[in-house]
Amino acid sequence: MAVAVGFAFADPGANRVVGALVHAIPLVLLAAILVPILLGIARRPQHGILWLAALVPYYGLLIIAPYRPPFAYGWKEGLAIYTLFWSLQSTPRRKRVAHPFPKVVQPILVYVGLGLIWMLFLHNTQGIVGFKVDYFWILLGVIVWRTPLDAKDRDRLISILMVDALITSALGLAQQVVGHVYLVGLGYSYNTNIRFTGSFLRSFSTMDNPFNFAFYLAFVMLIVLPQCLDDLGRLRNRLFLILSPVVIAALIFTFVRGAWLALAVGCAYLAIRRYRIFFLIAPFALIALLFVPGNFSESAFASGSLVDRQLGWTQNINKAAAVPMGHGIGTTGASGFKVQEVAQTSATVYEPDNQYFKALYEIGVFGLWFLVLLFVSLLWAGRAAEREALGLDRAWALGLSALVLGAMAASSVATWFEIFPNDLYLWLTLSVVVTMNRSPAQRPALS
């Protein structure tokens, strides 16, 4: 045996074979995991939605993964397209509850249509990349409309959000303990992943930057809290409420004030509509601010970033006004940076940090108008569902309304739709709400 092994290492051809086998091991293990998942999605596309929601918060771990196949960075889009395919195939074979064509689709189609027109007009990398960044995740609405999530699916989705939020929050707080030097050693980069506010590290957890992580936590809290408060008798919900300070602490240490604003506005809406307990919590939160260390509060509430945003808006408002039909999608923000990355150029890209200004700059006054109309329509959809839904379904509707209001507020200081996974979870939540059965008799009992 020892002779055979020695011969293998002495022979270059045998070494190449052994090397290929060693490199194939991760692919074999990956296939062993993926094949059952993909088969399950083919049988029931709703599983694809749940898997996507469960795995998306960990997409940033690819940065430090020891092995990354060439297709790794497109796994989210690939999973969505695969699920879409089976959702289109499954409808003729499976009986599903018929859902009317939601009225909220009309402004969505118009808003997407403006982007599509620009993509066809530009007819280059900029148009394609810009359209993909800004509109791709609307596909989730199509998937859920074709294969709606039932009550058990929606309950599993809430459990997934709870668990993921707690795990990522714990890891985000752990980053404060291990420090930036350790994170650089893992493979993260300064100014891309690792950022600071004053002397404080901004937690980014399992994502690639603090902004994505912060808005994700704000989303989870707005969707999950109504579910918990409407069913306090359930152990899962009580445990999440007890552990929710971990999520809030992680959100604070991102130092993303746009996410704080979104959560505050959303919680204010929930308090006004149904959950008065938020009014009781607010005074204690204000009192707690009095005990925040001075260097922390100075960093958290420094006005420098807001001044920079206002300066950018002032400098570029004339450019936006000069072309009222817009400069085209993919010219600013994350889509603009992605265009430059694909084109391998180093041109300066303007970051507006304002979703309304981005719409005005890229797709003109009509784009800005339909963005506002889109937000209003999403809010209208949530409010309509609040009136019609019962039980935990109403909690979903309340969460959607709170999320939309939070997004409208945060869009004044952030390009909200470009901060992944904001758009993914918004379209997912909207599609879940508009496809919920309104008749209590049609709701299956939870296990």
Side-chain angles (χ1 to χ4, degrees), residues 44-50 52-54 87 94-105 108 140-165 218-238 240-241 266-267 269-278 377-407 424-447:
R44 194 166 186 273
Q46 290 89 339
H47 291 166
I49 293 293
L50 297 180
L52 193 62
S87 71
R94 293 180 174 87
K95 181 180 178 181
R96 71 181 182 91
V97 178
H99 290 279
F101 200 64
K103 293 181 180 179
V104 71
V105 168
I108 294 175
L140 291 189
V142 180
I143 297 171
V144 177
W145 184 73
R146 297 286 288 182
T147 50
L149 275 63
D150 61 25
K152 290 183 179 180
D153 294 323
R154 296 194 292 273
D155 185 65
R156 293 189 185 105
L157 180 55
I158 292 297
S159 297
I160 287 169
L161 295 177
M162 289 179 177
V163 172
D164 279 355
F219 157 77
V220 172
M221 294 299 285
L222 292 176
I223 297 300
V224 167
L225 286 178
Q227 299 281 333
C228 294
L229 296 174
D230 273 5
D231 190 9
L232 284 172
R234 192 168 180 183
L235 177 61
R236 177 198 71 176
N237 297 344
R238 295 200 302 271
F240 183 82
L241 289 176
C267 286
Y269 176 81
L270 294 175
I272 294 170
R273 291 293 299 156
R274 185 175 176 85
Y275 308 105
R276 301 293 189 267
I277 189 172
F278 289 115
S377 299
L378 295 177
L379 181 59
W380 176 87
R383 295 284 288 114
E386 289 177 37
R387 294 189 296 269
E388 300 170 0
L390 299 174
L392 294 179
D393 285 352
R394 189 184 181 200
W396 269 104
L398 285 162
L400 173 62
S401 299
L403 174 62
V404 173
L405 282 172
L424 184 155
Y425 284 115
L426 173 65
W427 301 124
L428 174 57
T429 305
L430 172 68
S431 56
V432 166
V433 169
V434 300
T435 57
M436 291 188 305
N437 300 328
R438 298 296 185 257
S439 172
Q442 292 178 327
R443 296 192 185 95
L446 300 179
S447 58

task = Could you tell me the separation between the CD atom of Gln227 and the CD1 atom of Ile223, rounded to the nearest 0.5 Å?
result = 8.5 Å
ask   = Is the closest basic N to carboxylate O distance between Arg236 and Asp231 below 4.0 Å?
value = no
message = Is the shortest side-chain heavy-atom distance between Val434 and Val105 below 4.5 Å?
response = no
message = So Leu241 and Leu232, do their side chains get closer than 4.5 Å, heavy atoms only?
response = yes
ask   = Under the 3.5 angstrom rule, does the side chain of Arg154 hit a backbone N or O of Leu149 as a donor-acceptor pair?
value = yes
query = Are any of the side-chain heavy atoms of Ile158 and Trp396 separated by less than 4.5 Å?
reply = yes
ask   = Distance-only, no hydrogens or angles: does the Gln46 side chain make a donor-acceptor pair with backbone N or O of Pro148 under 3.5 Å?
value = yes
inquiry  = Within the 4.5 Å heavy-atom criterion, are Asn237 and Leu229 side-chain neighbours or not?
reply    = no
query = Just how far is it from atom CG of Leu405 to atom CZ of Arg383, taken to the nearest 0.5 Å?
reply = 9.5 Å
inquiry  = To check you understand the geometry: which heavy-atom pair defines the closest contact between Asp153 and Leu50, and what is its length?
reply    = O-CD2, 3.7 Å
request  = Identify the heavy atoms of Cys267 and Phe278 that sit nearest to each other, and give their distance.
outcome  = O-CD1, 3.9 Å
remark   = Distance col, row Ile49:CD1 vs Ser431:OG, nearest 0.5 angstrom, shows 6.5 Å
request  = Check whether any side-chain heavy atom of Arg394 lies under 4.5 Å from a side-chain heavy atom of Arg274, and answer yes or no.
outcome  = yes
ask   = Under 3.5 Å, side chain of Tyr275 to main-chain N/O of Asp230, donor-acceptor pair present?
value = no
inquiry  = Let me confirm one number: the CG-CG distance from Leu403 to Leu379, rounded to the nearest 0.5 Å.
reply    = 10.5 Å
request  = Could you give me the CA-CA distance, side-chain angles and deciding distance for Tyr425 and Leu140, then say whether side chain to side chain contact (heavy atoms under 4.5 Å, CB included) is met?
outcome  = CA-CA 9 Å; Tyr425 284 115; Leu140 291 189; over 6 Å; no
ask   = Arg238 and Gly233: which non-hydrogen atoms are nearest, and at how many Å?
value = NH1-O, 2.8 Å
query = Would you find a donor on one side and an acceptor on the other, under 3.5 Å apart, between the side chain of Thr147 and the backbone of Val144?
reply = no
task = Search all heavy atoms of Ala53 against all heavy atoms of Leu157 and return the closest pair with its distance.
result = CB-CD1, 3.5 Å
key: Distance-minimising heavy-atom pair for Ile160 and Ala54   = CG2-CA, 3.5 Å
key: Within-4.5 Å side-chain heavy-atom neighbours: Leu390 and Met436   = no
ask   = Looking at Ala385 and Val433, what are the two nearest heavy atoms and their distance?
value = CB-CG1, 3.4 Å
SB check Asp150 Arg156 (cutoff 4.0 Å) = no
message = If you apply the rule side chain to side chain contact (heavy atoms under 4.5 Å, CB included), what do you find for Arg234 with Cys228, and how did you get there?
response = CA-CA 8 Å; Arg234 192 168 180 183; Cys228 294; over 6 Å; no
query = Mind checking whether Tyr269 and Leu222 have side chains closer than 4.5 Å, heavy atoms only?
reply = no
query = Within the distance-only criterion (no hydrogens, no angle test), does the side chain of Arg273 pair as donor or acceptor with the backbone N or O of Leu398 below 3.5 angstrom?
reply = no
query = Considering only heavy atoms from C-beta outward, does the side chain of Ile108 approach that of Trp427 to under 4.5 Å?
reply = yes
